[in-house]
Amino acid sequence: MPNLKEKIQTISSELKQQLAHLSQEKELEALRLSFIGKKGAITELLGELKNLTIEEKKEFGPLIQALRQEAEDGIAARKKFITEQQSQAADNQARHFDVTSYVPNAPTGHLHPYTLFIEEIQRIFLSMGYEIWDGPEFETEFNNFTALNIPKDHPARDMYDTFWTDQEGYLLRTHTSPVQARILQQRTPPLAGIAPGRTYRHEAVDASHDFMFMQCEGLLVDKNVTVAHLFATAQTFLRALFQKNTLDIRIRPGFFPFVEPGFEIDMRCIFCKSGCSVCKQSTWIEIFPGGLVHPNVFKACNIDATQYSGLAFGFGLTRLAMLRYGIDDIRLFHSGKLKFLEQF
Ligand code: DAH
């Protein structure tokens with residue numbers, strides 16, 4: 001019966017080959033069933049024995065029994081090998097203790113509400129084609145006042161309670177408008193940008209006044225810039241910031257020495273429909289002062305006012321952030337109180 005002999009050999013080599021590749025106990029069980037389970041290949045061979053002659057039984061009986069033993073031993077050995085490997089892997093993992101690894105419940109730091117808010121404002125103006133500018137907080141009297149059409153004896157200087165410094169001609173800037181003067185002295189139009197930053201005023205501190213607060217200046221200079229551009233800019237910005245496509249603005253005349261004409265741009269109160277304490281019962285919130293750049297500002301900065309016109313605005317960034325986030329006390333911004341900061 002060369003046929004049966006071949007069969008035994010094939011099964012034996014298949015068994016060895018499959019065993020060598022197994023790495024899971026589940027696979028090992030499947031293999032056991034397919035060789036020595038009820039319907040396994042070796043079990044079937046044993047079943048065939050009864051059809052053989054006595055001579056053949058004597059020859060193949062022991063061979064098949066040996067094959068069965070081989071399968072049992074092979075499976076047991078492989079099982080031991082797999083278990084050893086698994087415990088070794090678990091061991092290695094336990095030993096690799098990584099002190100820098102992530103701790104799920106550790107509190108992480110985050111950006112200050114000012115930073116978050118400035119980034120939001122910058123994104124909106126960048127999308128309108130504005131650049132981001134910066135200027136020093138320690139400023140010259142010329143840039144802060146004189147270049148902005150506020151000469152030494154001008155009563156408008158009374159609007160600003162200035163922190164003067166020991167150094168003659170220098171002060172802590174009272175608004176972000178001096179960045180306008182700096183840009184106009186350095187660049188040739190067309191130009192457009194915003195300059196968010198800190199400003200200082202010698203004021204008594206209460207819930208709505210601080211001696212240091214933030215403003216954001218805006219300036220756009222080109223040929224034929226009109227008030228329509230200013231109003232559209234204000235409306236586009238405020239609608240994007242408060243995510244309200246129907247937010248209305250209203251325009252009133254206002255006085256600022258560095259613009260002519262000058263305006264107060266108000267927006268509809270975002271908290272009420274018929275009057276509340278935020279809008280002082282008027283349903284309008286004064287938010288966005290601006291105007292067209294005064295020819296005297298152009299003159300002081302050597303820009304030809306007959307060729308160019310420009311729009312300028314300078315809103316209170318701190319005040320806007322308070323409205324945007326519903327903060328009712330300005331002092332919280334610099335308090336370092338975690339209960340406040342952790343809400344952002
Ligand atoms: N600098 C002004 C202030 O602090 C705000 C301002 C008003 C800026 C009108 C402007 C503007 O550029 O056009 O009160």
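Indexing begins at 1, ligand by ligand and atom by atom, following the structure's order. Both backbone and side-chain heavy atoms feed into the values below; hydrogens, waters and symmetry mates do not.
Nearest approach of Lys339 to Gln343, heavy atoms of both residues: O-NE2, 2.9 Å.
In the displayed structure, Asn245 atom CG is contacted under 6.0 Å by at most 12 heavy atoms of other residues, nucleotides or ligands. No more than 12 heavy atoms of other residues, nucleotides or ligands sit less than 6.0 Å from atom NZ of Lys337. Taking a 6.0 Å sphere around CG of Asn224, one finds it holds 12 or fewer heavy atoms contributed by other residues, nucleotides or ligands. Counting non-hydrogen atoms of neighbouring residues, nucleotides and ligands closer than 6.0 angstrom, the CZ atom of Arg157 exceeds 12 such neighbours.
The protein atom (non-hydrogen) at minimum distance from atom 12 (O) of ligand 1 is Glu217 OE2, 2.6 Å.
Atoms of ligand 1 found under 4.0 Å from any heavy atom of Gln180, numbered from 1 in the order shown, are 12 (O). Which parts of ligand 1 touch Val259 is read off a 4.0 Å heavy-atom cut-off, strictly below it: atoms 13 (O). Using a 4.0 Å cut-off to heavy atoms of Ala312, the atoms of ligand 1 that qualify are 12 (O), 13 (O). The contact set between ligand 1 and Gly291, taken as ligand atoms under 4.0 Å from a residue heavy atom, comprises 13 (O). Within ligand 1, counting atoms from 1 as listed, the ones closer than 4.0 Å to a heavy atom of Gly290 are 9 (C), 11 (C), 13 (O).
The N/O atoms of Phe313, backbone and side chain alike, include one that comes under 3.5 Å of an N/O atom in ligand 1. Checking only distances, Phe258 never comes within under 3.5 Å of ligand 1, N or O to N or O. In terms of polar-atom proximity, Arg201 is counted as a contact of ligand 1, with an N or O under 3.5 Å from an N or O of the ligand.
Here the two rings, on Phe263 and Phe288, have centers that are 6.0 Å apart or farther. For Phe163 and His202, the gap between ring centers is short of 6.0 Å.
If you look at Gln215 next to ligand 1, the close heavy atoms, those under 4.0 Å, all belong to the side chain.
Closest heavy-atom approach to atom 1 (N) of ligand 1 within the set Gly218, Gly314, Ser177, Ala156: this belongs to Ser177.
Exactly one of Phe117, Phe242, Phe333 qualifies for a ring-ring contact (aromatic ring centres under 6.0 Å, His included) with Tyr325. That residue is Phe117.
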